[in-house]
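Both ligands and their constituent atoms are indexed starting at 1 by order of listing.
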Amino acid sequence: MDSNKRPETMERITTPELAQAFIDEQIEAVRNQVGDKKVLLALSGGVDSSVVAALLIKAIGDQLTCVHVNHGLLRKGEPEQVVKVFKEELGANLIYVDAVDRFLDKLAGVEEPETKRKIIGAEFIDVFAEEASKLEGIEFLGQGTIYPDILESDGVKAHHNVGGLPEDLQFELVEPVKLLYKDEVRVVGKALGLPDSMVYRQPFPGPGLGVRCVGAITRDRLEAVREADAIVREEIDKLEPAPWQYFVAIPDVKSTGIKDGKRYMGWAAVVRAINTVDAVTAEAVEIPWPVICKIRDRIIAEVDGINRVLWDISDKPIATIEWE
Ligand code: XMP
């Protein structure tokens, strides 16, 4: 039987009970596969890797080592949440790598989007491989592959994500959620006790805020993206239903503002909210006017360097969802 094919008889996981049955089954399967050997997992804090981490902690505890690489392009509070949930609450063996300077130094002055993606992808693999080489006795690599990744190996995610692990890191894979769809992964994550803010996260690109700090990334503009993004998420999260994806991009352009009677140059924060089914086409979402005004007021008041807020109402096509 092809282990990468979801059996037609497999029931869709929609309830906590079905999730628990799946978890029990996978705990046993992982224990059988891994025995007393060690597993390494790159834990980004995204839904898929978080669910795999929580599942593997239950199955093999200390035999799992998680590596969280903070590349400086994560959203506000994310690295802290990974440490809190996995190290403090779930007692994981977690290696936290502060690689912020390393990534931002490599990205300095680089404008071209695909070059930025390549640098981020390659640097991530280098950092992860370095950490792996410090550990002894690793024989397996945990991975948050999900069924759409298998079905659409030429889909959006594969198209964007660069890299693959080097030869000496080609361990046997442990992929407990590879036959699940995203909604099922979320039900399983919830049953594993992960917080809602992790389980119901909107999609977030691998290169993170790097593709929303449009053009050559500078630390000050990146901080502005991170702060403005946190405000937009906080305000739009309150909508029912929340759009599929919503965020801020800040292009590398300044325009005139006026403060205390003096003119000065500042950036424009671009708010974008879209709905889509498959990310191949997307529609701009109408954000209620009071909400967009609140976002404007908060960004202007709370984020250094921004003097203008724009609302991107473009559909895909012709605009892509991200700005780069
Ligand atoms: P675009 O901008 O191509 O985005 O309309 C479609 C979806 O893919 C996400 N995206 C990425 N995801 N790595 C990823 O894992 C990337 O480099 C990347 N670029 C875009 C985007 O957020 C949207 O959901």
Side-chain angles (χ1 to χ4, degrees), residues 42-52 68-76 78 103 106-107 110-125 128 143-165 177-178 181-183 185-186 198 200-217 222 225-226 228-230 232-233 236-237 241-251 270-285 312-324:
L43 175 57
S44 67
V47 185
D48 307 336
S49 66
S50 296
V51 169
V52 169
H68 177 67
V69 178
N70 181 0
H71 50 28
L73 306 168
L74 296 168
R75 291 176 289 189
K76 189 172 177 176
E78 278 181 344
F103 277 80
K106 278 248 157 80
L107 287 164
V110 181
E111 284 178 23
E112 210 279 314
E114 292 314 308
T115 312
K116 285 165 71 176
R117 281 194 170 81
K118 284 203 180 94
I119 291 172
I120 295 164
E123 196 60 20
F124 182 87
I125 288 164
F128 187 67
Q143 234 170 36
T145 313
I146 65 172
Y147 205 44
D149 300 335
I150 293 176
L151 293 179
E152 305 160 20
S153 51
D154 59 350
V156 170
K157 200 163 168 186
H159 159 76
H160 281 303
N161 287 337
V162 195
L165 290 171
V177 299
K178 73 175 175 183
Y181 289 99
K182 195 76 171 196
D183 54 305
V185 178
R186 296 192 206 272
M198 224 166 217
Y200 299 110
R201 281 165 44 123
Q202 52 168 314
F204 185 59
L209 301 181
V211 291
R212 298 177 181 170
C213 189
V214 184
I217 298 171
L222 179 61
V225 174
R226 195 174 347 256
D229 171 78
V232 163
R233 277 191 292 140
I236 296 191
D237 274 347
W244 196 79
Q245 202 170 4
Y246 39 103
F247 56 87
V248 166
I250 305 188
V270 178
V271 179
R272 182 143 174 74
I274 58 97
N275 273 333
T276 177
V277 176
D278 52 12
V280 175
T281 61
E283 272 178 13
V285 170
D312 182 351
I313 56 165
S314 325
D315 292 338
K316 175 182 181 177
I318 189 163
T320 52
I321 295 174
E322 301 291 343
W323 264 56
E324 307 193 309

Is it the case that the side chain of [X] and the backbone of [Y] share a donor-acceptor pair, with hydrogens and angles ignored and the cut-off at 3.5 Å?
| X | Y | result |
| --- | --- | --- |
| Glu123 | Phe103 | no |
| Lys116 | Gly215 | yes |
| Glu112 | Glu114 | yes |
| Arg272 | Ala284 | no |

*Report yes if the side chains of Cys213 and Arg226 come closer than 4.5 Å at any heavy-atom pair, otherwise no.*
no
*Return a yes/no value for Ala279: is any of its N or O atoms, backbone included, closer than 3.5 angstrom to an N or O of ligand 1?*
no
*Below 3.5 angstrom, do we get any N/O pair linking Phe204 and ligand 1?*
no
Against heavy atoms of [X], which atoms of ligand 1 measure under 4.0 Å?
| X | value |
| --- | --- |
| Thr320 | 1 (P), 2 (O), 5 (O) |
| Pro207 | 13 (N), 16 (C), 17 (O) |
| Lys316 | 1 (P), 3 (O), 5 (O), 6 (C) |

*Quick one: list whatever passes side-chain hydrogen bond (donor to acceptor under 3.5 Å, both in side chains) with Trp323, sequence neighbours left out.*
Asp312
*Could you tell me if any non-hydrogen atom of Trp244 lies under 4.0 Å from any atom of ligand 1?*
yes
*So between Glu324, Arg117, Glu114, Glu322, whose heavy atom ends up nearest atom 19 (N) of ligand 1?*
Arg117
